[in-house]
Undergrad: 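Got a structure for you, written out below as structure tokens; questions coming shortly.
Residue numbers begin at 1 in each chain, while the letters A, B, ... track the order of the sequences.
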Amino acid sequence: MNLRPPLLEVSSITKTFGGVTALSEVSFAIEPGEIVAIIGENGAGKSTLAKVMSGVHSPDSGFVTVAGSRCEFRNSAEAAEYGISRIPQELELCDSMTVEENLLLGREPLKSMGRLDFPECLKMTRSALEMVDLKIDPHQLVGDLGHGQRQLIAIARALHTSARMLILDEPTATLSPLETQVLLHRLIEMKKSGSAIVMITHRLAEVEEIADRVIVLRDGENVGSLEGKEIQRDAMIRCMVGRDLSPIEPEVSEFGDPRLIVRELMTQDHPEAVSLQVRSGERVAIAGLVGSGRSELLEAIFGLRPRSGHVSVDQCDLSRAGVKESVRAGLALIPEERSSQGLALQRSVSENASLPGLFREAGRFGTLDRHAGAAVAQKIVKELDVRPPRTDIPASDLSGGNQQKIVIGKWLDLNPAVVLLDEPTRGVDVGAREEIHKRIRDLSFSGKSVLFASSEMEEVLSLSHRIIVLSEGKMMGTLVSAETTEEEIMALATGGEIHE
Amino acid sequence: MNKIKGIFAVLLAVMIITAFISPAFLTSYNIENLLRRSALFGILGIGVSFVIMTGGIDLSLGSLVCLVGCLTPWLIIDVGIPAPWVLSGLLLLSLGLGLLHGVLVTKLRLQPFLVTLCGLFIYRGVTRGILSDQTVGFGTSGTVLKSLGNGRIPVTDTFGLPIPLIILVLVALGAGFLLRRTLWGRHLIAIGSNETAARHCGIEVDRVKMGAYAICALLTGIAGLLIVLDTGTAQPSNFGNFYELYAIAAAVLGGCSLRGGEGTVIGVLIGATLVQVLRNAIVLIDGIPEASEFAVIGAVIMIAVITDEVMRRRSGKNKLA
Amino acid sequence: MNKIKGIFAVLLAVMIITAFISPAFLTSYNIENLLRRSALFGILGIGVSFVIMTGGIDLSLGSLVCLVGCLTPWLIIDVGIPAPWVLSGLLLLSLGLGLLHGVLVTKLRLQPFLVTLCGLFIYRGVTRGILSDQTVGFGTSGTVLKSLGNGRIPVTDTFGLPIPLIILVLVALGAGFLLRRTLWGRHLIAIGSNETAARHCGIEVDRVKMGAYAICALLTGIAGLLIVLDTGTAQPSNFGNFYELYAIAAAVLGGCSLRGGEGTVIGVLIGATLVQVLRNAIVLIDGIPEASEFAVIGAVIMIAVITDEVMRRRSGKNKLA
Amino acid sequence: TVKTTTTTTSSSAETRVAFVTNGVADFWVLAGKGVEDAATDLNVSASFHMPPDGLADQKRIIEDLLVKGVSGIAVSPIDPKNQTPFLDKVSARTHLITHDSDAPESARLCFVGVDNYEAGVLCGELVKEALPSGGKIAIFVGRMEQDNARLRRQGLLDTILGQERGVDAYEDASAVIKGNGFEIVGTLTDQFDMAKGKANVEDILSKHSDIAGCVGLFAYNPPLILEALEQSGRISEVKVIGFDEDERTLQGIIDGTVHGTVVQNPYEYGARSVAILKALAGGDKGVIPPGGIVNVPARIIRRAEAEAFREDMRKKLGK
Ligand SMILES: Nc1ncnc2c1ncn2[C@@H]1O[C@H](COP(=O)(O)OP(=O)(O)OP(=O)(O)O)[C@@H](O)[C@H]1O
Ligand SMILES: Nc1ncnc2c1ncn2[C@@H]1O[C@H](COP(=O)(O)OP(=O)(O)OP(=O)(O)O)[C@@H](O)[C@H]1O
Ligand SMILES: [Mg+2]
Ligand SMILES: [Mg+2]
């Protein structure tokens, strides 16, 4: 071994928030040309570690060393000066600005006197977009893009900084296999050119594919690291959860009458008519690439977007209904972007969790009890194992995965007849993912209908009975899950492009 | 509660200092006056805080006070319509205008600041136009009616509860109940905290918001009535000028964030009282030049806000990001 | 650009209608007056739009106009300090006050609305206190200096370019350059758009924001100077009253969103011009009672805003969520 | 500098009197000077208040003064007719007199000042003198709803139009009024916004190329008229008639650009009010003249009197 200090080293970092210990005595080091994956259950402290490394949080004790010299970052700008760049778990983009402006934010090319160099800007933008294979007008407003495209922009921005040290916090949670492959490919290239990469993810297949080393966090502690051949799904799960996951019970599927009927549904952005039905007890997946219109379809069914065509739930015609009527008719939508669509982050867990179902507790004139909603919130927190199990803290104090549990819990508690889910297990750890999958299955066993969109092929294949594949808002076909493969889905999803 | 400790401390401090310097401060006549004035501005503050909690703002408030305040004596005395009709008509009008603000903000998705800024111009302009800029008032008549604004319920020989205070208490209790103990109130706060999320939860965002604007305008109308019943006369060009700023200041001092989703009724009352106590103190204490009145008010508000912030930081609950 | 089509259309409509009804509208004397007035309010509008683009607001603007406007003649005529010293001193003072706002907003993390509301009270109070509420003015002296505010560069026999217009053009070009062509401008807009994102991208949020408040106050100071040089006299208790509302209205009409992150200089200029043309039209056109002036202004602004919104919806780029 | 706002010249703490104006203006600053001088001479403690925000503000200040305990208040009611009940309440608690504008129906003990209508008549005479053959004139004023504005304008109109509508009349401010060779093209208000006040003059100049005279009813209006006229180069064509004693107005009279101005005597309002209140506090009701009006006449200042008048005023202000 040489005596050169590692590129970055964190030494016995401890970080607490109020009473909660997010990290305790975590140490690890990373060398140039190495890809380290950090895995762990929700709330294990992964994002906190990423934030400490990139200067967003300062640790209570312990320190960060870059190339041998000890650093105390006061903000992320200072970390950036050391070549450390981070893609946050929740997107941080400027919606009222263009793709180009977002991509170059904080590192705009300059001429003299602080003037921007526009031709150079455009050149850099093009090359950044190329890195993630995103074909998009650099002058489009970011606020007009779908979630997946926005995620790709965040990735492109970080990749293009050619940082010495790149930290990615769940970058692939909403990417489909195609975009994920592009990303992983880029990461390997960067690694070869000597960058160090830290990747946080719950998708263990990706870890197997690219990680040189895996660091496992549990309750804020570094409980082990795996290298080379040890990096295997089961080993990782065991290390993370501390036990094996119970195998899924085999199911008997019997479908009843259609509960959700959608006919000739058209929306503003994708004027392609979509018709589908989901029967009682059935689980249907919607698959497609980033921007294929999955979220848009779900939102349109739910009544969030202006639409034409027919939607009904249990014979109840919702064609002209708004969200409120949809909810009362037994429809629920678990949205994709939890920070903007799912939660009011500064409000308490209790307020957030009880919101959609609060009307059930209201008296004749809409009056509420002093403790209205508290019981519901307690129940959700307990059933979904939210950590820490408190309902009085603001939702922003929960880790990403735990926030997701609140979003799911608050809707499932309403016991809806038809559940629409958009990326249901985004950012959720393997254990909780199984738990959520189990609940979704239970729903269908009790005769409910489930329609979900997911970018994760494993989830699409294992959780659904049928798969509807979308491409550019058009239904490309329907596949039976038991008889299809990932390749077949992808072929359909990219169908539009291949024939071009 | 934590949010308003600082303001409350400053209010207490101002009261103690004034009482110490001027013996007149604690006379029952003065306390009665203070209670009446704070009540009037408290009603305005509570009104606007509903709108602020949704993340909106209402700038039209001062002009609406002008509209209602000037039309009341005009319709009753000059036109000769019976008082009950006038009062209920004008309150309905206020409610309607509030609803209109709500419709423009929600259905046409215009910025609340712009909509109510237009209201600020239009209501004052219309009032001035109708009255051709002439002062109106009750003259020596209408004493029964006027007791709504300046009447009192005697408690001791020298002290009586001003009627506006009683109205304020009712309004405050109602507002508190509405905000904390009804579905509507919870939805209002949810909208202010994250409108998209609220919409995703099936909350009828537009309806609730319209309600908030309507309540704000209605309370403004009530305050406008009480104020003109108290003063007895009103000038279209300056009646209610800047009241929107006093009301918003009271609401914000009382812990409402202009980004929405936060605020307590009790805080707004403390905020409204602080401004009135200050103005009273400036007259009572010799040696503060009246011309500098505004400077003193501004400075004390600033001190209150900073105290508040420092206290909150001390309590360590303050976050960085 | 798309954002201001509606406003521009309304401006054109108002101009055409006025020109049609009143032959005086297109006389060179009137156009000159209009240009000068629009220039003065344009400078204020551009100033405040910097702050609005960061997602903040500046309510102290009218009072700062008062402070600068009243102190200028007082210091020059009554105290007898040489004009160059006074001008540069007061502009420096404005800049300093702007920086102070910036520091309070960023370092103490106070709400901009509150900070500048205190400014609104304090600056007016201080001015009134210093001058004991007396009117100040240049009398018949200071004509050279005053030509900065009311001077003109003759172009034809009857028409000349008002000097304030030239200053405005310089300010507008500077502002446009700063916003669109420099790093600082991009960062400013990014902060208004998403402050956390900007912070995490390594932008020095506090510095940029302080700069925005400083520029706003400096431009306000310049406008205050020019206005008093134009009117020749100023009264502390009402000089500049409500100017913050006119300036903010111009900015918002011109496409600035109060949530920050949006806005164009040209839009602000159109917004400022619209308000001035309206006020001019009301006097020129017979039959509009002057008392209803505000009502007309409010109504036309409302029409402009709605036209704008409708046009934007037509263009189909409108989103729901 | 002059400390005019809360002047407390204390020596004998017994007698405290207060002088409340109807708003903030220079005019009142002179009155404040009178209050101050009288207080020193008569050895009483007098405070001086200018409510900035109209009626509600005036009411608030008077209430607070009662709380503070004063033995007499002199007030210029903003809306005498409607404030009568309130003034009655006040006079039940202290010695109340009115100045500048009267509330004859109320229980006030006496009134110090001149009728604004009379002042308007004087102004009308100046206009007729300046424009013997009539012509188009425009009137500029801060606010029309103030009683002094209405009365001044009515006195002016009645005089130049040769009519006798009297003190209770009100003629629509937006109407064009013709008669007697004169045409009043408009009465423009500015709500005390200086920039608007000047813009009003400019707009009238663009609208009427043949305007013959401009009348400014409030102290700051004549200077704004002069400013606009000088800039447009029509200073020699248009006659300017003013009110009150702004420095610029007086200079204009001396320079010949202003035909003349009507001045009241605010200094005397202040001084006499304090004297009367002191006497009343001492139980001397003899200071109240029969009829209850203490006349402090307004007068006309033309070129001949301007210099001397200005000297006198400066002396009073201690400049
Ligand atoms: N700002 C904060 N305030 C208070 N507590 C916090 C804050 N941020 C994180 N925590 C707590 O710290 C712990 C670790 O959170 P962190 O976000 O690092 O988890 P994570 O491993 O990234 O989880 P996930 O997989 O769900 O994203 C959690 O218990 C969380 O509740
Ligand atoms: N609010 C919006 N305004 C305008 N266009 C939108 C909006 N949201 C989505 N789109 C567009 O609609 C298309 C479909 O987006 P949608 O979010 O439904 O895709 P998706 O399949 O869910 O993919 P992902 O969520 O991974 O981006 C995209 O091209 C996107 O640009
Ligand atoms: Mg995380
Ligand atoms: Mg999606």
Undergrad: With a 4.5 angstrom heavy-atom cut-off, could you sort out which part of A372(A) is near chain B: side chain, backbone, both or neither?
TA: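 Both the backbone and the side chain of A372(A) come within 4.5 Å of chain B.
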Undergrad: Between D422(A) and S295(A), is any side-chain donor less than 3.5 angstrom from a side-chain acceptor?
TA: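 The answer is yes; a qualifying pair exists.
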Undergrad: Let me know if S339(A) has heavy atoms under 4.5 Å from chain B in its side chain, its backbone, both or neither.
TA: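 The backbone, not the side chain.
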Undergrad: By the definition side-chain hydrogen bond (donor to acceptor under 3.5 Å, both in side chains), identify the one residue from E296(A), R305(A), R307(A) that meets it with T267(A).
TA: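 Exactly one option meets the side-chain hydrogen bond (donor to acceptor under 3.5 Å, both in side chains) with T267(A), and it is E296(A).
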Undergrad: Non-hydrogen atoms of chain A under 4.5 Å away: do they reach the side chain of L178(B), the backbone, both or neither?
TA: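 L178(B) has no heavy atom closer than 4.5 Å to chain A.
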Undergrad: Above 12 or not: heavy atoms from other molecules or residues under 6.0 Å from CZ of F8(B)?
TA: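 Counting neighbours around CZ of F8(B), 12 or fewer heavy atoms of other residues, nucleotides or ligands fall under 6.0 Å, so no.
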Undergrad: Are there residues of residues 87-94 of chain A that reach to under 4.5 Å of chain B by heavy atoms, and which ones?
TA: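 Checking residues 87-94 of chain A against chain B gives no residue, so none.
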Undergrad: Which bit of L358(A) is near chain B, if near means a heavy-atom gap under 4.5 Å: side chain, backbone, both or neither?
TA: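 Both the backbone and the side chain of L358(A) come within 4.5 Å of chain B.
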Undergrad: Where on R347(A) is there a heavy atom nearer than 4.5 Å to chain B: the side chain, the backbone, both, or neither?
TA: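 The answer is the side chain of R347(A).
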Undergrad: Quick one, T14(A) with D60(A), criterion side-chain hydrogen bond (donor to acceptor under 3.5 Å, both in side chains). Give me CA distance, side-chain angles, the key distance, then yes/no.
TA: CA-CA 6 Å; T14(A) 298; D60(A) 298 344; over 6 Å; no
Undergrad: Check for me whether the distance between the ring centres of F302(A) and H200(B) falls short of 6.0 Å.
TA: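 No, the ring centres sit 6.0 Å or more apart.
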Undergrad: Would you call R150(A)-E337(A) a salt bridge at under 4.0 Å N-O?
TA: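 Yes.
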Undergrad: Any idea which of V327(A), L414(A), N352(A), L355(A) has the most non-hydrogen atom pairs under 4.5 angstrom with chain B?
TA: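 Option with the greatest count: L355(A).
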Undergrad: If only side-chain N and O atoms count, and only distance matters, is there a donor-acceptor pair under 3.5 Å linking T196(B) with Q341(A)?
TA: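 Checked: Q341(A)/T196(B) side chains show no N/O donor-acceptor pair below 3.5 Å.
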Undergrad: What residues, two or more places apart in sequence or in another chain, satisfy side-chain contact (heavy atoms from CB on, under 4.5 Å) together with L179(B)?
TA: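 side-chain contact (heavy atoms from CB on, under 4.5 Å) list for L179(B), sorted by chain: F50(B), M53(B), L188(B), V265(B).
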